[in-house]
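Quick note on labels: first sequence line is chain A, next is B, and so on, each numbered from 1. Heavy-atom basis, side chains included; hydrogens, waters and symmetry copies ignored. Being a predicted model, the structure only gives us computed values, none of them experimental.
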Number of protein chains: 2
Amino acid sequence: MHPSLEKLISSVQSAVTLEDFQTATEGLRDHYKVAHIVYHWVNSNGERFGAGTYSQEWVDRYVEKDYLRVDPVILGCFQRFHPVDWKQLDWSTKTSKAFFKEAVRYGVGNQGLTIPIRGPQGQFALFTASNTCSDDVWTSFRKRNERDLILVAHEFNKRALEYELGVESDTVAGLSPRELSAMTYIAKGMSRAQAAAQMDISEHTLRVYIEAARHKLGALNTTHAVARALSRGLIVI
Amino acid sequence: MHPSLEKLISSVQSAVTLEDFQTATEGLRDHYKVAHIVYHWVNSNGERFGAGTYSQEWVDRYVEKDYLRVDPVILGCFQRFHPVDWKQLDWSTKTSKAFFKEAVRYGVGNQGLTIPIRGPQGQFALFTASNTCSDDVWTSFRKRNERDLILVAHEFNKRALEYELGVESDTVAGLSPRELSAMTYIAKGMSRAQAAAQMDISEHTLRVYIEAARHKLGALNTTHAVARALSRGLIVI
DNA sequence: TCCACACTCCCCCAAAATAGCGAGGTGGCC
DNA sequence: GGCCACCTCGCTATTTTGGGGGAGTGTGGA
């Protein structure tokens, strides 16, 4: 990895504010000599954050027109797993063609590579490099830099997660072994009677476990408790 | 990146069968001179696949004892986002201590680095490198190789996703927007009446959504449906 | 154009979960 | 020895879900 890129990664690793993320994207843009670098991120509460080199006009326009629901990059990456070249996306519909044209008019590149990453609680981030150039030039750019970009995207996410954790704080309640078993059977779709039979205890006892878990998790009902236990990674189905 | 590692990555990229994945893990083990390389993967239907260099005895033991629910690596990575050194995990409980001891006895290393990756439909994969060595040796190994391992993990996932798409023909159930909203409210602990009020529809209509979601997800009851929707990343609470 | 599918509403009744009141035994920790 | 967390079991009454029927609208794709 290039020394100046290492330096940029360090700046991401030590980023504290959104401005720091912003500065990092500008540094990366200059390093790679591309039109834009953008990092876009949805935390577990569904709040969106963004840092990047797009013009303010484009960002405003994007928000105003609710292009999140149109942008094939967003729609495409939401169903994908791995780095996506914009060319692979579906630009065939009328709305997406119009969107692309307008994006280019606002200075967004005609080429792009977007790397989606997901977190355990529904966090979803997109790291994008975009440029205006021919297909051949872009392909060779990707060949040279795709791996580094994946690593950079990881660094952004790592820091973004810490940023999120800094904002939130919640106590994780521990469930007892029997409570965990009971919750697991319930999460698998068993009725209380079935789960009790599985655990070889009375249905009443099972109920006590479920209620204990519900209270510990601050849940309103069994379904809520299961949802919370799954979200917190306490149980696996 | 080392030429011989490039070769191993190519072999991952062209993997077709589980045996190919297996062979790739063995190659990586030899390349890095570590005790084990393991790739473990849960697809969007909750089916588990694995390829790695652990002994068959350990794998059997692991399955038999249902260690998925004990293993701090699994439990820890489920709540995390980024490469996890096994030392960072919680080994303080009695069961996890016993598990660790047994794992070491079966030849699993005392050190490990696990890289979790998630897909859009709740796919969840773990790529692990493990070795028996001192903390210092392991730290320097991580420093040298962590980035490469992240890229290797990405390659495994990319191929695993293609493998999944090739093997499965059963449609991944997509829930309609209203079904997703309904499921989300239910997952947040609301009763049908409350959720219906939130969505400003009759309780009966809400019930239709919940039942449709239940059928699409192949769930036995509402709680099960919520659990599946969460596991597959369809909803977030 | 028509079909499929999402969306909306209504009935009834059996089954299951929830809420409230209990009881007692074990084992670890201060 | 006392406290606390965990594990186990019982009862009754009320609320919520689940399964079985229906029926009508609107919208987007073949």
To the side chain of A:Ser202, which of D:dC9, D:dT17, C:dC9 is closest? D:dC9
B:Leu206 CG - C:dC9 P separation (whole Å): 10 Å
Any side-chain N or O of B:Thr205 less than 4.0 Å from the OP1 or OP2 oxygen of C:dC9? yes
Lys/Arg N to Asp/Glu carboxylate O, A:Arg207 vs A:Glu203, below 4.0 Å: no
Testing D:dG19, D:dC9, C:dA17 for proximity to the side chain of A:His204, the answer is D:dC9
Indicate whether the side chain of A:Thr184 and that of A:Ser181 have a donor and an acceptor atom separated by less than 3.5 Å. no
For A:Glu211 and C:dA19, what is the distance between atoms CD and P respectively, to the nearest whole Å? 7 Å
Report the distance from atom CG of A:Leu175 to atom P of D:dA5, rounded to the nearest whole Å. 14 Å
Spacing of B:Asn221 atom CG relative to C:dA17 atom P, expressed in whole Å: 8 Å
Counting heavy atoms from C-beta on, name the nucleotide in D:dT8, D:dT16, D:dG18 closest to the side chain of A:Arg178. D:dT8
Between B:Gln13 and B:Lys158, does any side-chain donor sit less than 3.5 Å from a side-chain acceptor? no
Presence of A:Lys216 side-chain N/O under 4.0 Å of D:dA5 phosphate oxygens OP1/OP2: no
Does B:Thr222 put a side-chain nitrogen or oxygen below 4.0 Å from OP1 or OP2 of D:dG18? yes
Distance, rounded to the nearest Å, where A:Glu203 contributes CD and D:dC9 contributes P: 12 Å
Nearest-angstrom distance from the residue atom CG of A:Leu180 to P of D:dA5: 17 Å
On DNA chain D, does the nearest nucleotide to A:Val208 precede the nearest nucleotide to B:Ile210 from the 5' side, or the other way round? Give the residue. A:Val208
Looking at D:dT8, C:dA6, C:dA17, which one has an atom nearest to any side-chain atom of B:Ser176? C:dA6
Take the protein atom CZ of B:Arg192 and the nucleotide atom C1' of D:dT15, then report the distance between them rounded to whole Å. 11 Å
Check the distance between D:dA5's C1' and A:Tyr209's OH and give it to me in whole angstrom. 12 Å
Give a yes or no on this: more than 12 heavy atoms of other residues, nucleotides or ligands lie within 6.0 Å of atom NZ of A:Lys65. no
Apply side chain to side chain donor-acceptor pair (under 3.5 Å) to B:Asp85 and B:Trp138, showing your working. CA-CA 10 Å; B:Asp85 194 309; B:Trp138 184 248; 3.2 Å; yes
Would you say B:Arg207 places a side-chain N or O within less than 4.0 Å of OP1 or OP2 belonging to D:dG18? no
